[in-house]
Amino acid sequence: QVQLVESGGGLVQAGGSLRLSCVASGRTFSMYDMGWFRQAPGKEREFVTAIVRSGGSTYYGDSVKGRFTISRDNAKRTVALQMNSLKPEDTAVYFCAAAAPYSVYGVKAEARYAYWGQGTQVTVSS
């Protein structure tokens, strides 16, 4: 069982930056691939980025490539999302998620992730 708590959301102007953090409970954090998803009002939840358990590989949604960076610190049981060059269309609730250790789904699939945080609001003003 993993519990996830996100922080760092807020209001920022277009072109600005925010850094989201997600802290996980439990001693087995390093066993989980981790991801960030987001959900805008009236839209389905979408994949943002993911990082494998070792931190050796990362994946990004097309809309955030080159602007967002995911990282993790297994010793501190944290995963971070650095968001630069923010756009109004990045406005959403951002969720941290931990993937089940064994899954038939790819890292971009919501179904792969067994544990979710409560979400943190990011609002980008134009």
Side-chain angles (χ1 to χ4, degrees):
Q1 191 80 344
V2 177
Q3 292 186 326
L4 304 171
V5 178
E6 304 99 333
S7 62
L11 174 65
V12 64
Q13 287 188 332
S17 299
L18 277 176
R19 184 177 179 85
L20 305 183
S21 292
C22 173
V23 179
S25 64
R27 296 176 291 176
T28 58
F29 176 74
S30 61
M31 293 177 57
Y32 297 92
D33 297 336
M34 298 296 297
W36 287 94
F37 287 74
R38 67 186 182 186
Q39 187 167 22
K43 294 187 177 182
E44 294 185 353
R45 191 151 55 183
E46 68 167 338
F47 171 79
V48 176
T49 181
I51 187 167
V52 299
R53 61 198 70 180
S54 69
S57 294
T58 56
Y59 306 85
Y60 294 93
D62 289 342
S63 62
V64 306
K65 280 180 182 177
R67 299 188 298 122
F68 290 12
T69 303
I70 189 172
S71 60
R72 69 187 294 162
D73 185 331
N74 286 342
K76 295 182 178 179
R77 301 194 306 275
T78 60
V79 60
L81 177 61
Q82 178 66 41
M83 305 185 294
N84 298 328
S85 301
L86 283 161
K87 305 174 181 180
E89 50 264 45
D90 294 319
T91 295
V93 177
Y94 283 71
F95 297 90
C96 174
Y102 303 101
S103 175
V104 299
Y105 298 100
V107 293
K108 298 183 179 182
E110 192 173 333
R112 182 181 179 93
Y113 296 85
Y115 306 103
W116 294 82
Q118 81 288 352
T120 186
Q121 177 70 47
V122 171
T123 303
V124 184
S125 63
S126 57

Please tell me if the side chains of [X] and [Y] come closer than 4.5 Å, counting only heavy atoms from C-beta onward.
{"X": "Ser30", "Y": "Arg53", "result": "no"}
{"X": "Val122", "Y": "Tyr94", "result": "yes"}
{"X": "Lys76", "Y": "Phe29", "result": "no"}
{"X": "Met83", "Y": "Leu20", "result": "yes"}

Please check: side-chain N/O of [X] versus main-chain N/O of [Y], any donor-acceptor pairing under 3.5 Å?
{"X": "Tyr32", "Y": "Ala97", "answer": "no"}
{"X": "Ser126", "Y": "Pro88", "answer": "no"}
{"X": "Arg77", "Y": "Ala24", "answer": "yes"}

**Complete:** Taken in chain and number order and not counting sequence neighbours, the residues that satisfy ring pair (Phe, Tyr, Trp, His ring centres under 6.0 Å) with Phe95 are none
**Item:** Phe47: ring pair (Phe, Tyr, Trp, His ring centres under 6.0 Å) partners, not counting sequence neighbours
**Value:** Phe37
[atom1] of [X] to [atom2] of [Y]: how many Å apart, nearest 0.5 Å?
{"X": "Glu6", "Y": "Leu81", "atom1": "CD", "atom2": "CG", "result": "11.0 Å"}
{"X": "Gln121", "Y": "Thr91", "atom1": "CD", "atom2": "OG1", "result": "7.0 Å"}
{"X": "Asp73", "Y": "Thr78", "atom1": "CG", "atom2": "OG1", "result": "4.5 Å"}
{"X": "Ser63", "Y": "Asp90", "atom1": "OG", "atom2": "CG", "result": "7.0 Å"}

Shared hydrophobic cluster, [X] / [Y] (ILVMFWY, side-chain heavy atoms < 4.5 Å):
{"X": "Val5", "Y": "Val79", "result": "no"}
{"X": "Trp116", "Y": "Val93", "result": "yes"}
{"X": "Val23", "Y": "Val48", "result": "no"}
{"X": "Met31", "Y": "Leu4", "result": "yes"}

If you take all heavy atoms of [X] and [Y], which pair is closest and at what distance?
{"X": "Leu18", "Y": "Leu86", "result": "N-CD1, 3.8 Å"}
{"X": "Val52", "Y": "Tyr59", "result": "CG1-CE1, 3.9 Å"}
{"X": "Val107", "Y": "Tyr113", "result": "O-OH, 2.5 Å"}
{"X": "Arg67", "Y": "Ser85", "result": "NH1-O, 2.9 Å"}
{"X": "Tyr115", "Y": "Val2", "result": "CD2-O, 3.6 Å"}

**Asked** Excluding sequence neighbours, so at least two apart, what forms side chain to side chain donor-acceptor pair (under 3.5 Å) with Ser17?
**Response** Asn84
**Item:** Partner residues of Glu46 under the side chain to side chain donor-acceptor pair (under 3.5 Å) criterion, sequence neighbours left out
**Value:** Arg38
Using side chain to side chain contact (heavy atoms under 4.5 Å, CB included) as the criterion, list what pairs up with [X], not counting sequence neighbours.
{"X": "Glu89", "answer": "Lys87"}
{"X": "Ala40", "answer": "Lys43, Ala92"}
{"X": "Arg19", "answer": "Ser71, Ala80, Gln82"}

**Request:** Using the disulfide (SG to SG under 2.5 Å) rule, collect all pairs that involve residues 37-70, keeping only residues at least two apart or in two chains.
**Result:** none
**Asked** Restricting to pairs with a member in residues 4-97, which pass disulfide (SG to SG under 2.5 Å), not counting sequence neighbours?
**Response** Cys22-Cys96
**Item:** Transitive ILVMFWY cluster of Val104, excluding itself - 4.5 Å side-chain cut-off
**Value:** Tyr105
**Item:** salt bridge (charged side-chain N to carboxylate O under 4.0 Å, His left out) partners of Arg112, counting only residues at least two apart
**Value:** Asp33
**Prompt:** Arg72: what forms a salt bridge (charged side-chain N to carboxylate O under 4.0 Å, His left out) with it, not counting sequence neighbours?
**Reply:** none
